Protein chains: 2
Amino acid sequence: MNVPGQAISPSCMDCPIRHRAVCARCEADELAALESIKYYRSFEAGQTIIWSGDKMDFVGSVVSGIATLTQTMEDGRTQMVGLLLPSDFVGRPGRSGAAYDVVATTDIVMCCFRKNPFEKMMADTPHIAHRLLEMTLDELDAAREWMLVLGRKTAREKIASLLSIVARRDASLRPTATHGPMVFDLPLTREAMADYLGLTLETVSRKMSALKRDGVIQLEGKRHVTVPDMSRLMEEAGDDADGGVFA
Amino acid sequence: MNVPGQAISPSCMDCPIRHRAVCARCEADELAALESIKYYRSFEAGQTIIWSGDKMDFVGSVVSGIATLTQTMEDGRTQMVGLLLPSDFVGRPGRSGAAYDVVATTDIVMCCFRKNPFEKMMADTPHIAHRLLEMTLDELDAAREWMLVLGRKTAREKIASLLSIVARRDASLRPTATHGPMVFDLPLTREAMADYLGLTLETVSRKMSALKRDGVIQLEGKRHVTVPDMSRLMEEAGDDADGGVFA
DNA sequence: CGTAACCTTGAAGCCGATCAAACGTCGTGG
DNA sequence: CCACGACGTTTGATCGGCTTCAAGGTTACG
């Protein structure tokens, strides 16, 4: 029974996000239980995965690809409030309605669980609940860092902040040396960048050009970015160049 | 042994935040265990409770009073990233360093737990972990709503958004009829409002005057606010006047 | 009464938004 | 093959909202 848009489930043990997703802390038997209630869904770039206000009957993890979380005002102004990368969790246990639009920006594969069985399992499986708490606290920190970007940074600093976040997260996914020039692909259009940064797409374009002109970044095509000096980029972002102090 | 700045612990059963704080789901025996590791601390208005980067040896709940969570850039720009009201939780289990400054804006009483015993208890007490997850998810939603305010709203809309949030939260604390004019005290200076909204204090002042001139709010002194028509205020905030759709 | 903290108001300037036009790339169909 | 249009992007010109700088007002408290 292979419905279009769904795929046969590979084993959790081979899952690329096994050690980072909501199931990261699970033992073999717990994984087996999860495996029995999971299913995969694929979405194409541009597809809306969840509409704000709709009833949500599943929760799940991004396996591969990228999605965005956005809010829209009645007059059409939109603000991105989250960027969903592989291993990130979608949906809120305990609430039936979706609060935001979730849109695939690339082709994407999600590992889904029907909401009720998942909630039941969460109640019995502290490993899942704890991991979800940990991930939610991380997301809260990320959201708060973003509030500083939105509220207090200039357009140039906003762009530099976005680039440095994407660069760092990209580096954390692939096993690369941490210094030397960083190279990555921007997964976002200029418009999506603008929605993330609280700017217009024209301003994003102008500031990207300015950063290129000033040698902070190099561009190949519209999306392929090279950062010759990461600490320079972090300075431009208004962050301490020596990384935040966390423990 | 009554150290200045600490008070004798009243019973959890009489606690004003008993049903909303991190302990809300606890049974009598769990409360008793919590009671044995808790202690109260008081802070005066203006005092910094926790410095960003410092080691945090406790977590806790706001019992009464108001505090703010702020981030500061090297050049002094600051952004408030959270407003802590009675029952709100401070501190992150699993992390030793504080990520933000926590400052008392009014005199405040906190119910504190030393971090290690609390973490141990959390591991054994699903009621606590679940409630904390629930509260963290709520905070994440609030942070994301605030990202829309910071990124896409005009100064006037920002002020109206802040006023409507304070008004609604105030209403939820006292058992008042939900319509008719709303009256409340702003717990924030113009500067604190500016830090919350990503504005300057001058702009806050001007827009407050404008909302008053236009009859959206009435002011008695600088802090005492009357909202004759709540739905009018919500329109000014750019929100749907009929309340968000949640379930 | 005097001072300090907080707030209001005014004038000028700048940053980012808005409006507008043109460019490059890609896929489609004549 | 090339014309065409759709889409994403770049760049220019102008406008306006918010910040900045500055001065004066209000309130509380010694």
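Keep in mind that what you see is a predicted model, and the values were worked out from it rather than measured. Order of the sequence lines sets the chain letters (A, B, ...), proteins ahead of strands, with each chain counted from 1. Computed from heavy atoms alone, side chains included, the values below leave out hydrogens, waters and symmetry copies.
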Exercise for review: From the options C/dC7, D/dA22, C/dA17, select the nucleotide whose nearest atom is closest to the side chain of B/R223.
Suggested key: C/dC7

Check your understanding: What pairs with B/F58 under ring pair (Phe, Tyr, Trp, His ring centres under 6.0 Å), at least two apart in sequence or on another chain?
Key -> none

Practice item. Assess the side chains of A/S52 and A/D101: does a donor N or O sit below 3.5 Å from an acceptor N or O? Key: no

Exercise for review: Kindly point out which of D/dT9, C/dT8, D/dC18 is positioned nearest to the side chain of A/T189?
Suggested key: D/dT9

Point to revise | Electrostatic pair B/R144:B/E139 at N-O distance under 4.0 angstrom | key: no

Revision key, fill the gap. Between CD of B/E202 and P of D/dG24 the distance, given in whole Å, is 16 Å

Review point. Given atom CG of A/L197 and atom P of C/dG16, what is their separation to the nearest angstrom?
Key: 12 Å

Review point. Given atom CZ of B/R213 and atom P of C/dT8, what is their separation to the nearest angstrom?
Key: 12 Å

Review point. Just checking A/G198: base, sugar-phosphate only, or nothing, at a heavy-atom cut-off of under 4.0 Å?
Key: sugar-phosphate

Exercise for review: Tell me which nucleotide among C/dC7, C/dA17, D/dT20 gets nearest to the side chain of A/L199.
Suggested key: C/dA17

Review point. Ion pair present between B/E202 and B/R206, side-chain N to carboxylate O less than 4.0 angstrom?
Key: no

Review point. Between B/E157 and A/R77, is there a side-chain N and carboxylate O pair less than 4.0 Å apart?
Key: yes

Exercise for review: In whole angstrom, give the distance that lies between atom CG of A/L201 and atom P of D/dC7.
Suggested key: 14 Å

Practice item. Let me know the distance between CE of B/M193 and P of C/dC6, rounded to the nearest Å. Key: 15 Å

Study note, to complete from the structure: By nearest-nucleotide position on DNA chain D, the 5'-leaning member of A/R152 and A/T203 is A/T203

Revision key, fill the gap. Taken to the nearest whole Å, CG/B/D195 to P/C/dC7 is 12 Å

Check your understanding: Just checking B/S209: base, sugar-phosphate only, or nothing, at a heavy-atom cut-off of under 4.0 Å?
Key -> sugar-phosphate

**Study point:** Charged N-O contact under 4.0 Å between B/R92 and A/D141
**Key:** yes

**Study point:** Closest to side chain of A/T154, choosing from D/dT20, C/dG16, D/dT10
**Key:** C/dG16

Point to revise | A/K212 NZ - D/dT9 C1' separation (whole Å) | key: 12 Å

Nucleotide N/O to protein N/O under 3.5 Å, stretch nucleotides 13-15 of chain D:
residue : atom : partner : partner atom : Å
D/dA13  : N6   : A/R206  : NH2          : 3.3

Review point. To the nearest angstrom, how far is A/K153 atom NZ from D/dC18 atom P?
Key: 22 Å

Check your understanding: Nearest to the side chain of A/K222 - D/dT9, D/dT20, D/dC18?
Key -> D/dT9

Practice item. With sequence neighbours excluded, tell me which residues meet side-chain hydrogen bond (donor to acceptor under 3.5 Å, both in side chains) with B/D214. Key: B/R156

Exercise for review: Give A/K207 one of three labels, base, sugar-phosphate or nothing, depending on what nucleic acid heavy atoms sit under 4.0 Å from its own.
Suggested key: sugar-phosphate

